[in-house]
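Please read the structure below before turning to the comments.
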Amino acid sequence: SAVISQKPSRDICQRGTSLTIQCQVDSQVTMMFWYRQQPGQSLTLIATANQGSEATYESGFVIDKFPISRPNLTFSTLTVSNMSPEDSSIYLCSVESNEETQYFGPGTRLLVL
Amino acid sequence: GENVEQHPSTLSVQEGDSAVIKCTYSDSASNYFPWYKQELGKGPQLIIDIRSNVGEKKDQRIAVTLNKTAKHFSLHITETQPEDSAVYFCAASNDYKLSFGAGTTVTVRA
């Protein structure tokens, strides 16, 4: 399985500001994903981070709010823009190792005041 | 899109007893069904998975069964231990996209 790290592990931010979350994996992977987990809830896919092209967003998520970068096969960033308290969540990146198996990072716990 | 339902939402078991969590899915094209365990403050950890060409899979105290006709799959944990206490999520996948159930909070009583 892949070893995935995320930075920061947690943050407290003011509304109206933006936060960029980094995801680093220890091996090259084709597929990287970003999920949101609202307090006490399940995981919802935000987007698929595509290397060398624009991310593919799920219904209800837009690039202006959640811009994503994927400069290479081991790294991706998710920015949460113009934050409001409703953005308080755990943000998780995952990678597909082989045959659809996904492994998750430790998550970034975000609180927006 | 895929819709995954998971039951029960909470489960309390005596140490040593078995725990069973059940999930149903809606998209007959789904072909991959992983289970994740999430402990407090951590990311989800893959504990077992099953593919549509297999009916049952076992790994030590954990087993998963799949009924494609009925579109449901289950997680079985035997001889539960306090360290099994966590939130468990089922998921269904078709073409890489995972759709998750709502989660089951399992508490193992000593």
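These numbers come from a predicted model, not from an experiment. These values consider heavy atoms only, across backbone and side chains, with no hydrogens, waters or symmetry-generated copies. Letters A, B, ... mirror the listed sequences (proteins, then strands); counts begin at 1.
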Legend entry - Heavy-atom proximity to chain A below 4.5 Å, by part of L98(B): both

Legend entry - Main-chain N/O of C90(B) paired to Q6(B) side chain as donor or acceptor, under 3.5 Å: yes

Inset, instruction - Would you indicate whether Q81(B), at its atom CD, is surrounded by more than 12 heavy atoms from other residues, nucleotides or ligands within a distance under 6.0 Å? - result: yes

Legend entry - chain A contact via P44(B) - which portion, at a heavy-atom distance below 4.5 Å: both

Inset, instruction - Tell me, for Q6(A) versus chain B, whether the close heavy atoms (under 4.5 Å) come from the side chain, the backbone, both or neither. - result: neither

Legend entry - More than 12 heavy atoms from other groups under 6.0 Å of CG on L40(B): no

Inset, instruction - Check the pair Y32(B), Y96(B) against ring-ring contact (aromatic ring centres under 6.0 Å, His included), reporting the backbone distance first and the verdict last. - result: CA-CA 9 Å; Y32(B) 174 64; Y96(B) 308 110; over 10 Å; no

Inset, instruction - For the residue pair V29(A) and S97(A), establish whether any side-chain heavy-atom pair is separated by less than 4.5 Å. - result: no

Legend entry - Y88(B), F89(B), Y36(B) screened by side-chain contact (heavy atoms from CB on, under 4.5 Å) with I47(B), the one that passes: Y88(B)

Inset, instruction - Would you indicate whether K97(B), at its atom NZ, is surrounded by more than 12 heavy atoms from other residues, nucleotides or ligands within a distance under 6.0 Å? - result: no

Inset, instruction - State, yes or no, whether a side-chain contact exists between T56(A) and N50(A) at a heavy-atom distance under 4.5 Å. - result: yes

Inset, instruction - From the options T107(B), L11(B), V106(B), V108(B), select the one residue that forms a side-chain contact (heavy atoms from CB on, under 4.5 Å) with T80(B). - result: V108(B)

Legend entry - Contact class of Q45(B) relative to chain A, heavy atoms under 4.5 angstrom: neither

Inset, instruction - Determine yes or no for a side-chain-to-main-chain donor-acceptor pair under 3.5 angstrom, with Q38(A) supplying the side chain and S42(A) the backbone. - result: no

Legend entry - More than 12 heavy atoms of other groups within 6.0 Å of R51(B) CZ: yes

Inset, instruction - Between chain B and each of M31(A), Q41(A), E58(A), count heavy-atom pairs under 4.5 Å; write down the option with the most. - result: E58(A)

Legend entry - Positions in residues 59-83 of chain A that reach chain B, provided some heavy atom is under 4.5 Å away: none

Legend entry - Proximity breakdown for L45(A) and chain B, heavy-atom pairs closer than 4.5 Å: side chain

Inset, instruction - Residue by residue, scan residues 57-67 of chain B and write down, ordered by number, those that have a heavy-atom distance under 4.5 Å to chain A; if none do, write 'none'. - result: none

Legend entry - Gap between atom CD of Q14(A) and atom OG of S84(A) - 0.5 Å precision: 13.0 Å

